[in-house]
4 protein chains.
Amino acid sequence: MTGRPRSPVVDEAIIRSTMALAQQFGYRGVSMEAIAAHSGVAKQTIYRRYQSIGEVMLAVLASFAEEQLPNPDTGSLREDLYLLLSATFAAQQGISGELNRGLAAEAVQDEAFARKLWERLISNRREVVRAMIGRARVRGEVAHPDDEFLVDLVFGPMWYRLLFGRAVLDDKYARQLAEATATVAAAPA
Amino acid sequence: MTGRPRSPVVDEAIIRSTMALAQQFGYRGVSMEAIAAHSGVAKQTIYRRYQSIGEVMLAVLASFAEEQLPNPDTGSLREDLYLLLSATFAAQQGISGELNRGLAAEAVQDEAFARKLWERLISNRREVVRAMIGRARVRGEVAHPDDEFLVDLVFGPMWYRLLFGRAVLDDKYARQLAEATATVAAAPA
Amino acid sequence: MTGRPRSPVVDEAIIRSTMALAQQFGYRGVSMEAIAAHSGVAKQTIYRRYQSIGEVMLAVLASFAEEQLPNPDTGSLREDLYLLLSATFAAQQGISGELNRGLAAEAVQDEAFARKLWERLISNRREVVRAMIGRARVRGEVAHPDDEFLVDLVFGPMWYRLLFGRAVLDDKYARQLAEATATVAAAPA
Amino acid sequence: MTGRPRSPVVDEAIIRSTMALAQQFGYRGVSMEAIAAHSGVAKQTIYRRYQSIGEVMLAVLASFAEEQLPNPDTGSLREDLYLLLSATFAAQQGISGELNRGLAAEAVQDEAFARKLWERLISNRREVVRAMIGRARVRGEVAHPDDEFLVDLVFGPMWYRLLFGRAVLDDKYARQLAEATATVAAAPA
DNA sequence: ATATAATCGAGACGGTACGTCCCGTCTTGCA
DNA sequence: TGCAAGACGGGACGTACCGTCTCGATTATAT
């Protein structure tokens with residue numbers, strides 16, 4: 001009834017190869033075929049776990065220490081947001097950024113995958129911000145009634161820049177964005 | 001050296017077919033092969049005009065009344081932004097939104113195309129907002145020193161939502177965003 | 001050393017499923033995978049008994065009443081051959097024919113299997129004819145010196161027709177073939 | 001309206017590679033994938049001309065000087081048949097035999113292909129024999145009423161032996177078969 | 001009764017080939 | 001030179017079977 005269990009060795013091989021390929025050849029160089037060839041894992045075996053390269057990349061991102069999202073509580077929304085954004089932006093450098101862009105591409109093409117991405121990655125990040133805002137609201141720092149909107153304000157510009165690869169996600173930008181969001185939060189609707 | 005001139009009939013056929021395909025099958029159904037088959041135009045002929053499907057989609061968007069971007073000047077930044085965003089969001093419904101998502105996917109995977117997209121579409125939109133802010137600054141409504149950041153604030157959330165197809169781009173959202181941006185603009189750095 | 005004995009229930013399940021699949025989907029529908037799925041028997045379990053689908057098909061044919069080969073002795077080679085061929089042809093209708101064609105395909109592609117097929121199926125059939133000829137020779141009906149050749153004459157045309165599915169193997173053909181073989185047998189080299 | 005014509009260079013490359021592969025690795029070593037890899041021709045390009053490896057092999061056989069079937073007219077059916085069979089058997093040695101076996105395998109699996117094979121290869125060979133018998137009938141050498149049956153008698157044993165790879169197709173066998181067929185032809189039904 | 005040992009179902013696994021899709025380039029003949 | 005038609009090499013897709021493997025659960029005999 002049980003059958004042979006899936007090998008964790010294989011799991012890891014897939015993840016490692018995907019990372020290596022993304023690093024070497026960028027998101028475009030990551031295909032099922034390439035992962036299979038690079039990892040020595042049969043295509044079928046990959047498809048048994050993931051339905052698309054996007055899902056593989058999700059797994060890769062998830063393997064990054066479970067997204068070591070900081071959740072600072074400094075007593076200031078501005079400061080909390082800055083610390084989160086600063087760390088988040090830093091994580092977007094290198095492969096992680098490459099993978100994030102890949103995920104965006106996948107999401108835009110596939111409704112079902114978009115939902116999965118949202119649930120497994122985006123919503124976690126949003127939850128952290130939502131919590132920050134909640135704490136700030138208790139402290140009386142927040143007058144704006146719509147938390148979801150504020151969260152959009154925090155992450156929207158990041159994806160915008162990630163999308164067009166136009167401008168950097170640096171520390172200064174993190175500070176500006178934290179500042180702006182805190183300002184909007186403080187202002188009454 | 002001169003030879004036969006390019007047929008405008010062909011130009012139009014390509015645009016029309018691309019629109020039709022995007023509408024029927026989503027932007028995934030838009031491939032060079034599909035456009036050629038649907039329009040009766042030879043692939044070569046399409047390649048003679050455009051380097052990628054992304055460029056075709058750009059052309060289609062451009063053909064929409066030359067991006068009927070409103071550039072209101074109501075004397076209030078909040079109001080100007082609202083009118084612009086409201087119109088922009090409305091335009092994202094239907095094919096136009098589909099095409100925009102296609103462009104995002106293309107850009108995210110192709111640095112060179114991302115630049116092209118920026119120059120031909122994004123920067124125009126940004127210029128409009130920049131002008132609004134400039135006028136508002138003259139009126140004394142703007143204290144924030146960084147125009148580019150403010151523009152990011154205007155468009156970032158839109159692409160964020162477009163990207164994940166999660167939430168709608170409705171009138172309420174336009175108002176919230178205009179409001180928030182005006183608030184940030186008014187606040188000193 | 002002894003362990004659990006092989007289950008005859010499983011044996012039968014394999015045979016039944018193979019027959020069912022051959023009947024429904026033709027012999028192309030008979031694969032190890034399909035037999036396993038249809039019968040609920042594990043692939044490994046099938047491989048424990050048979051080395052190839054060909055062998056399974058052989059087993060199925062063997063299970064048909066141990067090849068109810070008639071071995072008539074009417075005192076006339078012509079009549080003996082006719083009765084044998086008539087029965088043999090009749091057996092080629094339905095699944096049995098399908099399986100025979102499958103065996104042919106397998107044999108043609110696999111030297112080793114061809115030998116096995118020969119030993120377990122073909123040589124038996126030939127032996128029967130060889131015996132008929134022997135008896136006829138005693139009676140003085142046979143002048144032709146080469147028994148093997150005569151046997152080829154009996155079975156060659158059958159496989160030829162089976163192979164190309166072109167013409168039927170009916171009673172008239174059995175009579176013609178018996179007649180012809182008897183004639184050749186009677187004639188001196 | 002015309003499009004680029006199919007390249008005869010490609011045609012030849014496919015044929016040559018198929019022959020080479022059949023020679024080196026036998027019929028089993030001939031796959032679409034292998035032909036494509038060996039010839040440097042894209043799979044799609046092969047599929048554009050042929051629907052299966054079987055059809056490729058038919059083309060290969062056809063390329064062998066259009067089956068240089070001898071059609072001797074010696075004034076004796078026995079002699080005519082012997083000369084034809086002798087040449088035919090000789091042609092079955094080497095690749096040609098390998099390909100013939102491959103064709104048989106394909107035919108047995110695919111009704112449609114079986115018809116194609118019959119029309120393009122088998123029926124030609126039969127026609128030659130039919131003509132011989134016709135001439136012999138005029139000369140009064142033939143009493144047997146069924147030409148088709150006689151033709152089966154000529155080719156059946158050859159395929160039988162080809163099928164099981166059991167016995168050789170040598171000159172002696174050609175003589176025996178010619179002899180036997182002539183005998184049957186001469187005998188009245 | 002309790003090892004010992006093979007069987008069995010389930011299903012993972014590396015592999016090979018399948019047939020299809022689209023890419024971007026090319027070669028025709030006609031306009 | 002433009003253009004429709006369509007061939008071409010290339011690369012990836014997702015699927016089907018192959019034959020082997022590892023599980024846990026049985027089911028016998030041999031202690």
Side-chain angles (χ1 to χ4, degrees), chain A residues 1-7 9-11 13 28-37 39-49 51-53, chain B residues 1-7 9-10 13 28-37 39-53, chain C residues 1-7 9-10 13 28 30-37 39-53, chain D residues 1-11 13 28-37 39-49 51-53:
Chain A
M1 299 285 177
T2 351
R4 176 174 171 179
R6 295 200 181 158
S7 164
V9 177
V10 165
D11 282 312
R28 308 228 67 167
V30 181
S31 65
M32 286 300 200
E33 208 85 31
I35 298 173
S39 64
V41 161
K43 272 201 287 177
Q44 184 74 257
T45 300
I46 306 176
Y47 279 110
R48 210 171 277 129
R49 313 168 186 232
Q51 287 177 27
S52 65
I53 11 143
Chain B
M1 282 279 183
T2 34
R4 177 174 169 179
R6 293 197 183 161
S7 162
V9 177
V10 164
R28 300 231 65 179
V30 181
S31 66
M32 286 300 199
E33 212 84 32
I35 298 172
S39 64
V41 163
K43 275 199 292 174
Q44 181 72 277
T45 303
I46 305 175
Y47 278 110
R48 208 172 279 127
R49 286 142 218 257
Y50 308 103
Q51 286 179 32
S52 67
I53 8 128
Chain C
M1 281 280 183
T2 33
R4 178 174 170 178
R6 294 200 182 159
S7 162
V9 177
V10 164
R28 299 230 66 177
V30 181
S31 65
M32 285 300 199
E33 212 84 32
I35 297 172
S39 64
V41 163
K43 275 201 290 175
Q44 181 73 279
T45 303
I46 305 174
Y47 278 110
R48 209 172 278 128
R49 284 142 219 259
Y50 308 104
Q51 285 179 33
S52 66
I53 9 130
Chain D
M1 303 285 175
T2 351
R4 175 174 172 180
R6 296 201 180 156
S7 165
V9 176
V10 165
D11 282 312
R28 308 230 66 167
V30 181
S31 65
M32 286 300 200
E33 209 86 30
I35 298 173
S39 64
V41 162
K43 271 200 289 178
Q44 182 75 260
T45 301
I46 305 175
Y47 278 110
R48 209 172 277 128
R49 311 168 190 234
Q51 287 177 27
S52 65
I53 13 143

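Order of the sequence lines sets the chain letters (A, B, ...), proteins ahead of strands, with each chain counted from 1.
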So, is D:T45 close to the F:dA7 phosphate, meaning a side-chain N or O under 4.0 Å from OP1 or OP2? no
d(A:S31 OG, A:R28 CZ) to nearest 0.5 Å is 11.0 Å
Any heavy-atom pair between the side chains of B:I35 and B:V41 that's under 4.5 Å?
no
Side-chain contact check for B:R4: nearest option of F:dG2, F:dC23, E:dA12 is F:dG2
When rounded to whole Å, the CD1 to P distance for the pair C:I46 and F:dC17 reads 13 Å
Salt bridge (charged side-chain N to carboxylate O under 4.0 Å, His left out) filter on C:R49, not counting sequence neighbours, yields C:D11
Do the side-chain N or O atoms of C:R48 get closer than 4.0 angstrom to the phosphate oxygens (OP1, OP2) of E:dC8? yes
Whichever of A:S39 and C:P5 has the more 5' nearest nucleotide on DNA chain E, that residue is C:P5
Rounded to whole Å, CZ of A:R6 lies from C1' of E:dA10 at a distance of 13 Å
Here the pair of heavy atoms bringing A:I53 nearest to A:M32 is N-CE, 3.8 Å
Checking E:dG29, E:dC8, F:dA30 against the side chain of C:R49 (C-beta onward), the nearest is E:dC8
Sorted by chain and residue number, the side-chain hydrogen bond (donor to acceptor under 3.5 Å, both in side chains) partners of D:Q44 (sequence neighbours excluded) come out as none
The contact string for nucleotides 15-21 of chain E, one letter per nucleotide 5' to 3', using protein heavy atoms under 4.0 Å with B, S and - for base, sugar-phosphate only and none, comes out as B-SBBBB
For C:S39 and C:A13, the nearest pair of non-hydrogen atoms, with its separation, is CB-O, 3.8 Å
